[in-house]
Participant: 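Next up is a structure, given as structure tokens.
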Amino acid sequence: MKLATWNINSLKVRLPQVLDWLRANPVDALCLQELKLSDEFFPIDAFQEIGYTAHWAGQKTYNGVAIVTPAPGTDIQKNIPGFEDPQQRVIAATLGDIRVVCAYCPNGQSLESDKYIYKLQWYEALNRWLQEELKRYPRLAILGDYNIAPADEDVHDPAKWEGDVLVSPPERQAFQALLSLGLSDAFRLFPQPEKSFSWWDYRRFAFRRNAGLRIDHILLSAPLAQACVACEIDKAPRGNEQPSDHTPVIATLAV
DNA sequence: ATGGCTTGACCATCAAGA
């Protein structure tokens, strides 16, 4: 089984690239973030033409998430239960006996911003919900854009980023609190090349300089972590014409 | 020290991303 996540920064612009990628990389679930379109514009027909279906929670202009999968899931959940939020950042579906959660975690903007408060509150709500969800679904994967680089090795220039949003200690604690629920960072289950990143700024030739961050992650509950045989970042789409600033992360499970 | 792209909204700049 293969699970993948990709922040595509506008599904309208990136649809051809997503379809190409799926043809080259068949997966059991592709979690997409930053659709940037309302529900009625989700291109379900295009996915069906290549043998997939999807569940989505769209929003005009901002946010929006989807799970693209060969067969429909069950128990579709949009948003974090009990956390009122007009921003569409979460969708979950059960595929077989595996609970798949797709998340677009808030960016936070800066440590002084109200959006930073929102980010930390959002993470608290996510944590509370996942605690319950793990009781119901021991086999759980949560994939997405976390907007947190968990450690200095996930940052191209830790000194330059120190104390900034995406790497600040409270954010890293929020990430660690998810791991404390019994989840594992699939990427770190295996030896990995140094300076592995999943996002590079569009500006200043950041991709060419490999000036990136690893902020897109796949977290696995214990039974799935034990079954995980590989986790890779696919840098290829970042070299496309009109690329997303993020690139896919893929986990392979022996289930 | 600042902003450096890209997208969407809407047609001229601006918010937001990270």
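The chains referred to below are lettered A, B, ... by the order of the sequence lines, with proteins before strands, and numbering in each begins at 1.
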Participant: Would you mind listing the cluster partners of A:Y62? Hydrophobic ones only (ILVMFWY), side-chain contacts under 4.5 Å, chaining allowed.
Facilitator: none
Participant: Run the side-chain donor-acceptor check on residues 246-255 of chain A: report pairs under 3.5 Å with partners two or more places apart or on a different chain.
Facilitator:
unit_1: A:H246; atom_1: ND1; unit_2: A:D216; atom_2: OD1; d: 3.2
unit_1: A:H246; atom_1: ND1; unit_2: A:D216; atom_2: OD2; d: 2.8
unit_1: A:T247; atom_1: OG1; unit_2: A:D234; atom_2: O; d: 2.4
unit_1: A:T252; atom_1: OG1; unit_2: A:K2; atom_2: NZ; d: 2.8

Participant: Under 4.0 Å, heavy atoms only, any strand: does A:D145 hit a base, just the sugar-phosphate, or nothing?
Facilitator: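 Result for A:D145 = sugar-phosphate.
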Participant: Taking the P atom in each of B:dC10 and B:dT6, what is the distance between them to the nearest angstrom?
Facilitator: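 Their P atoms lie roughly 22 Å apart.
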Participant: Which protein N or O atoms sit under 3.5 Å from an N or O of nucleotides 2-5 of chain B?
Facilitator:
unit_1: B:dG4; atom_1: N7; unit_2: A:R203; atom_2: NH1; d: 3.2
unit_1: B:dG4; atom_1: N1; unit_2: A:R204; atom_2: NH1; d: 3.3
unit_1: B:dG4; atom_1: N2; unit_2: A:R204; atom_2: NE; d: 2.5
unit_1: B:dG4; atom_1: N2; unit_2: A:R204; atom_2: NH1; d: 2.6

Participant: Starting at the 5' end of DNA chain B and moving along, which residue's nearest nucleotide shows up first, A:L11 or A:Q109?
Facilitator: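 The answer here is A:L11.
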Participant: Quick one: label A:I215 by what it contacts on the DNA or RNA (base, sugar-phosphate, nothing), any heavy atom closer than 4.0 Å.
Facilitator: sugar-phosphate
Participant: Taking OP1 and OP2 of B:dA18, is either one under 4.0 Å from a side-chain nitrogen or oxygen of A:H246?
Facilitator: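 True: A:H246 side-chain N/O within range (under 4.0 Å) of B:dA18 OP1/OP2.
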Participant: NA contact type, A:N7, heavy-atom cut-off 4.0 Å: base, sugar-phosphate, or nothing?
Facilitator: sugar-phosphate
Participant: What is the distance, rounded to the nearest whole Å, between atom CD1 of A:I148 and atom C1' of B:dA18?
Facilitator: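 Distance, rounded to whole Å: 13 Å.
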Participant: Show which side-chain atoms of residues 71-78 of chain A pair as donor or acceptor with protein atoms under 3.5 Å away, not counting sequence neighbours.
Facilitator:
unit_1: A:Q77; atom_1: NE2; unit_2: A:N79; atom_2: O; d: 3.1
unit_1: A:K78; atom_1: NZ; unit_2: A:W56; atom_2: O; d: 3.3

Participant: For residues A:N147 and A:C105, report the shortest heavy-atom separation together with the two atoms involved.
Facilitator: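 Closest heavy-atom pair between A:N147 and A:C105: ND2-O, 2.9 Å.
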Participant: Keeping A:D245 on the side-chain end and A:Y202 on the backbone end, is there a donor-acceptor pair under 3.5 Å?
Facilitator: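 Looks like no, no N/O pair under 3.5 Å.
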Participant: B:dA16 C1' sits how many Å from A:W199 CH2, rounded?
Facilitator: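 Those two atoms, CH2 and C1', are 13 Å apart.
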Participant: Could you tell me whether A:R172 and A:D152 make a salt bridge, using a distance below 4.0 angstrom between a side-chain N and a carboxylate O?
Facilitator: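 Counted as a salt bridge, because a side-chain N and a carboxylate O are separated by less than 4.0 Å.
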Participant: Can you measure A:W200 atom CH2 to B:dT6 atom P for me and round it to whole angstrom units?
Facilitator: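 In whole Å, B:dT6 P lies 16 Å from A:W200 CH2.
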Participant: For DNA chain B, list all stems, counting runs of three or more consecutive pairs where every pair is Watson-Crick or G-U wobble with both distances under 3.5 Å.
Facilitator: B:5-9 with B:13-17
Participant: Determine the Euclidean distance between corresponding C1' atoms of B:dG3 and B:dG17; express it in Å to zero decimal places.
Facilitator: 15 Å
Participant: Using the C1' atom on both, measure B:dT7 against B:dA12 and round to a whole Å.
Facilitator: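 Those two atoms are separated by 16 Å.
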Participant: If the condition is side chain to side chain contact (heavy atoms under 4.5 Å, CB included), which residues does A:P16 pass it with, not counting sequence neighbours?
Facilitator: none
Participant: Check this one for me: any side-chain N or O of A:N9 less than 4.0 Å away from OP1 or OP2 of B:dA18?
Facilitator: no
Participant: Could you go through nucleotides 9-15 of chain B and list every protein N or O atom that sits under 3.5 Å from one of its N or O atoms, giving the distance for each pair?
Facilitator:
unit_1: B:dA9; atom_1: OP1; unit_2: A:T61; atom_2: OG1; d: 3.0

Participant: CD of A:Q59 versus P of B:dA16: gap in Å, rounded?
Facilitator: 12 Å
Participant: Does a side-chain N or O from A:S10 land closer than 4.0 Å to OP1 or OP2 of B:dG8, or not?
Facilitator: yes
Participant: Keeping to residues at least two apart or across chains, list the side chain to side chain donor-acceptor pair (under 3.5 Å) pairs with something in residues 125-136 of chain A.
Facilitator: A:R99-A:E133, A:N127-A:Q131, A:W129-A:E133, A:E132-A:K135
Participant: Between B:dT6 atom C1' and A:E34 atom CD, what is the distance in whole Å?
Facilitator: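 The distance from CD of A:E34 to C1' of B:dT6 comes to 11 Å, rounded to the nearest Å.
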Participant: Report the relative orientation of the aromatic rings in A:W161 and A:W199; use parallel for angles under 30°, tilted for 30 to 60°, perpendicular for over 60°.
Facilitator: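 Perpendicular, since the angle between the ring planes exceeds 60°.
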Participant: Can you see which heavy atom on A:W21 is nearest to which on A:A4, and at what distance?
Facilitator: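 Scanning both residues completely, I find the closest heavy atoms to be CH2-CB, 3.8 Å.
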Participant: P atom, B:dA15 versus B:dG4: distance in rounded Å?
Facilitator: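 One P to the other, the span is 13 Å.
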Participant: Take the protein atom CG of A:N63 and the nucleotide atom C1' of B:dA18, then report the distance between them rounded to whole Å.
Facilitator: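 Going from CG in A:N63 over to C1' in B:dA18 covers 14 Å.
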Participant: Using the P atom as the point on both nucleotides, what is the distance between B:dG8 and B:dA18, in whole Å?
Facilitator: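 Result for the P pair: 14 Å, nearest Å.
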Participant: Of the nucleotides B:dG17, B:dG8, B:dT6, which has the atom closest to the A:Y104 side chain?
Facilitator: B:dG17
Participant: side-chain hydrogen bond (donor to acceptor under 3.5 Å, both in side chains) for A:Q17 and A:N240? Distances and angles first, verdict last.
Facilitator: CA-CA 8 Å; A:Q17 293 184 44; A:N240 289 349; 2.8 Å; yes
Participant: Using a heavy-atom distance cut-off of less than 4.0 Å, which residues of residues 149-173 of chain A contact DNA chain B?
Facilitator: A:L166
Participant: When you measure from the side-chain N and O atoms of A:N147 to the phosphate of B:dA18, is any distance below 4.0 Å, counting only OP1 and OP2?
Facilitator: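 The answer is yes; a side-chain N or O of A:N147 sits under 4.0 Å from OP1 or OP2.
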Participant: Tell me the interatomic distance from A:E241, atom CD, to B:dT6, atom C1', rounded to whole angstroms.
Facilitator: 14 Å
Participant: Just the rounded figure in Å: distance from C1' of B:dT7 to CG of A:N107.
Facilitator: 15 Å
Participant: I would like to know whether A:R188 and A:D154 meet salt bridge (charged side-chain N to carboxylate O under 4.0 Å, His left out); could you show each step before the answer?
Facilitator: CA-CA 11 Å; A:R188 293 296 178 208; A:D154 304 310; 2.7 Å; yes
Participant: Is there any ring pair (Phe, Tyr, Trp, His ring centres under 6.0 Å) pair reaching into residues 132-155 of chain A, and which pairs are they, with sequence neighbours excluded?
Facilitator: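 Passing the test, one end in residues 132-155 of chain A: A:Y146-A:F175, A:Y146-A:H217.
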Participant: List in chain and number order the residues that pass ring-ring contact (aromatic ring centres under 6.0 Å, His included) with A:H55, two or more places apart in sequence or in another chain; answer none if no residue qualifies.
Facilitator: none
Participant: Do you see a donor-acceptor pair shorter than 3.5 Å between the side chains of A:N9 and A:K36?
Facilitator: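 Yes - a donor-acceptor pair under 3.5 Å links their side chains.
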Participant: Output side-chain donor-acceptor pairs under 3.5 Å for residues 220-228 of chain A, partner residues at least two apart or in another chain, one line each.
Facilitator:
unit_1: A:S221; atom_1: OG; unit_2: A:P138; atom_2: O; d: 2.6
unit_1: A:S221; atom_1: OG; unit_2: A:L140; atom_2: N; d: 3.0
unit_1: A:S221; atom_1: OG; unit_2: A:L140; atom_2: O; d: 3.4

